[in-house]
Student: 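If you scroll down you'll find the structure; I have some questions about it.
Letters A, B, ... mirror the listed sequences (proteins, then strands); counts begin at 1.
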Protein chains: 2
Amino acid sequence: MASVPVSGGRFVIIGGGSLVGSATAAELLDAGAAEVRLFDNFSMGAETAVAHLRDNPRLSVVRGDVMRMADLLAAMEGMDGALPLAAYMTLNMDRDPWGGLDVNIRGVQNALEAASARGVKKVVFASSNAVYGYGPGIKGDLIETTPFFSEGAPPAAILYGATKIIGEQLCRTYTKKHGLPHVVLRYSTVYGERQHHRAANALFIIETLEKLAKGEPPEVFGDGSETKHFVYVGDLARANRMAFESAASDVAVNCSGPAPITTKELVELVTELAGGGPAPRFVGETPGKVRLTSGGAFRIAHEKAHAAIGWKPEVDMREGLGRLIRWLREGNA
Amino acid sequence: MASVPVSGGRFVIIGGGSLVGSATAAELLDAGAAEVRLFDNFSMGAETAVAHLRDNPRLSVVRGDVMRMADLLAAMEGMDGALPLAAYMTLNMDRDPWGGLDVNIRGVQNALEAASARGVKKVVFASSNAVYGYGPGIKGDLIETTPFFSEGAPPAAILYGATKIIGEQLCRTYTKKHGLPHVVLRYSTVYGERQHHRAANALFIIETLEKLAKGEPPEVFGDGSETKHFVYVGDLARANRMAFESAASDVAVNCSGPAPITTKELVELVTELAGGGPAPRFVGETPGKVRLTSGGAFRIAHEKAHAAIGWKPEVDMREGLGRLIRWLREGNA
């Protein structure tokens with residue numbers, strides 16, 4: 001039985017000083033967790049991302065690094081569940097493939113080894129729709145058996161996707177060899193309050209808002225027909241909680257928002273929610289710049305998540321973008 | 001211009017104490033290389049694999065480890081070409097995923113960094129048809145744009161394939177960022193003289209011969225209709241040489257034998273070449289045992305290799321197996 005009750009349970013979030021980490025901490029605390037530990041080296045994560053939670057006596061922040069087993073063994077002690085989130089995404093992988101491969105592969109392996117050694121009861125692993133890759137092969141419904149397409153993609157994007165594939169398989173290895181239950185959640189592009197500036201596609205929302213704030217036309221790359229499929233951070237936090245609580249183990253499921261959106265629709269929606277502004281400017285791709293746009297029209301199917309852990313997304317783009325814009329206007333950045 | 005003439009050139013083979021390493025050393029020496037260095041930690045490679053070459057004054061054996069940059073920086077000094085071969089394959093990856101991820105990812109990254117630092121003129125990277133993955137998705141012609149299928153495959157097989165995908169992308173990164181030319185050769189299953197006992201599918205040939213030598217029926221897993229596509233080691237050695245000599249860079253091509261073969265045909269051919277023996281016994285899969293058989297009928301296309309580096313395979317299974325059997329009967333193992 002792989003269910004780990006959240007009420008009264010103890011959880012560590014590796015890479016906790018992050019968009020998803022802080023939202024998940026709040027979700028677990030709201031659901032009655034006895035303790036939530038946020039483990040981060042704060043090289044990318046920010047103390048400010050968790051500042052709003054720091055007064056909660058059930059929350060602690062532990063400074064540590066996924067490359068140091070001693071840090072992880074200490075952080076995993078007494079924990080019922082662990083959520084490894086720490087990762088380099090594509091933009092950072094492009095700048096520093098050494099660090100990215102360390103953190104995304106050995107960092108995950110270290111976290112699993114420490115969880116296993118400390119008798120943690122379940123791991124929920126933050127994977128990504130990047131395991132389906134990039135390029136013209138990506139079209140139609142992306143389901144959990146879709147292979148990894150890489151032809152024509154930039155190296156850093158392929159490296160990122162491959163590290164997530166490896167992370168998932170390390171989870172399977174620890175379940176099979178060491179009896180450590182796990183659920184893999186393949187997040188689609190996350191957005192929402194406390195959003196950072198590191199994810200290529202989510203960053204696009206911020207860039208659009210910044211253009212509009214200056215009275216300039218937002219930029220759309222290509223003809224704007226490309227699909228993006230976002231997921232609201234609060235929905236993901238709920239998915240993480242439900243993955244711990246569910247009896248599921250040794251399964252990988254997509255977590256995406258209610259529906260995909262084209263780049264053009266996204267810019268128009270952001271413009272409307274921001275109170276209007278100039279029409280978008282259609283521009284060509286910047287050569288050599290890593291910008292993760294897929295080639296065609298796709299939808300990341302989340303039906304399997306409902307079957308496995310009972311989750312489905314609740315917050316659509318209009319609602320979620322509205323929350324993000326309100327949060328930004330309250331003086332946050 | 002990425003061509004590196006072999007005649008008069010200096011080459012280092014990382015993981016040189018191996019089936020492909022020793023055959024490639026012989027090929028490069030025969031083609032007039034001024035120096036061939038075999039770099040190996042001999043944890044898997046064997047001194048015996050290169051014993052037949054050791055009297056050649058143009059050959060040197062360097063004991064070193066791909067996890068130690070100092071070893072690699074010394075080995076790359078003065079070299080025109082480098083061939084990183086050192087890798088854990090699936091069986092070893094299953095036993096030791098920590099070592100496997102170190103060697104197959106960080107080891108390749110170290111070799112590329114050292115090659116770049118020492119001004120090596122070209123890298124030929126030993127990748128694998130494992131970049132197309134495993135399972136029912138693998139059918140028809142596997143060409144260089146085929147995605148990576150992993151659904152239903154054991155973790156170690158997926159880890160192995162993903163590390164080769166990462167190795168290829170690291171090569172692309174060093175070409176793009178550091179101007180180090182490279183050619184990726186995606187080897188299919190290698191067999192031939194000096195064959196070792198580590199590759200699951202090639203091992204099957206040896207196991208068949210051992211059964212026949214004892215007068216026992218060889219074993220066929222499943223109904224024997226599964227495809228395997230081998231390549232003879234001498235053909236691969238030639239491909240490595242031609243990849244150095246060609247003007248090609250930043251390209252990945254398959255290197256497979258003239259034609260695929262089914263398991264049943266393979267066992268029958270080995271039985272015939274071994275001088276006859278009992279008919280094969282069809283057995284079920286051993287549960288939990290990692291044995292890399294693909295689901296269906298496929299062919300690994302090698303036409304792109306001909307276009308890029310002028311190579312095509314010359315030795316068919318009858319000829320290659322005959323050579324392997326003669327070598328074994330001469331008392332080698």
Student: Suppose a student defines contact as a heavy atom less than 4.5 Å from any heavy atom of chain A. Which residues in residues 109-132 of chain B would they list?
Tutor: Gln109(B), Asn110(B), Glu113(B)

Student: Between Phe148(A) and Pro147(B), what is the shortest heavy-atom contact and its length?
Tutor: O-CB, 3.1 Å

Student: Pair Leu170(A), Leu159(B) - check side chain to side chain contact (heavy atoms under 4.5 Å, CB included), show working.
Tutor: CA-CA 8 Å; Leu170(A) 290 172; Leu159(B) 288 175; 4.3 Å; yes

Student: Need one label for Glu144(A): side chain, backbone, both or neither, based on atoms under 4.5 Å from any heavy atom in chain B.
Tutor: backbone

Student: More than 12 non-hydrogen atoms from neighbouring residues, nucleotides or ligands closer than 6.0 Å to NZ on Lys304(B), yes or no?
Tutor: yes

Student: Give, as side chain, backbone, both or neither, the part of Thr145(B) having an atom under 4.5 angstrom from any heavy atom of chain A.
Tutor: both

Student: Okay, side chain of Arg106(A), backbone of Leu101(B): is any donor-acceptor separation there less than 3.5 Å?
Tutor: no

Student: What part of Ile166(B) gets within 4.5 angstrom of chain A, counting heavy atoms only: side chain, backbone, both, or neither?
Tutor: both

Student: Under a 3.5 Å distance rule, please check whether Arg172(A) uses its side chain to pair with a backbone N or O of Pro154(B) as donor and acceptor.
Tutor: no

Student: Distance from Phe149(A) atom CZ to Thr146(B) atom OG1, nearest 0.5 Å?
Tutor: 9.5 Å

Student: Given heavy-atom pairs under 4.5 angstrom as the criterion, report whether the side chain, backbone, both or neither of Gln169(B) touches chain A.
Tutor: both

Student: At under 4.5 Å between heavy atoms, what parts of residues 174-188 of chain B are in contact with chain A? List them by residue number.
Tutor: Tyr174(B), Lys176(B), Lys177(B)

Student: Check whether Ala252(B) gets within reach of chain A through its side chain, its backbone, both or neither, counting any heavy atom under 4.5 Å.
Tutor: neither

Student: Which of the residues Gly152(B), Cys171(B), Gly161(B), Pro97(B) is involved in the greatest number of heavy-atom pairs with chain A at under 4.5 angstrom?
Tutor: Pro97(B)

Student: Looking at CG of Asp102(A) and CD1 of Ile105(B), how far apart are the two atoms once the value is rounded to the nearest 0.5 Å?
Tutor: 10.0 Å

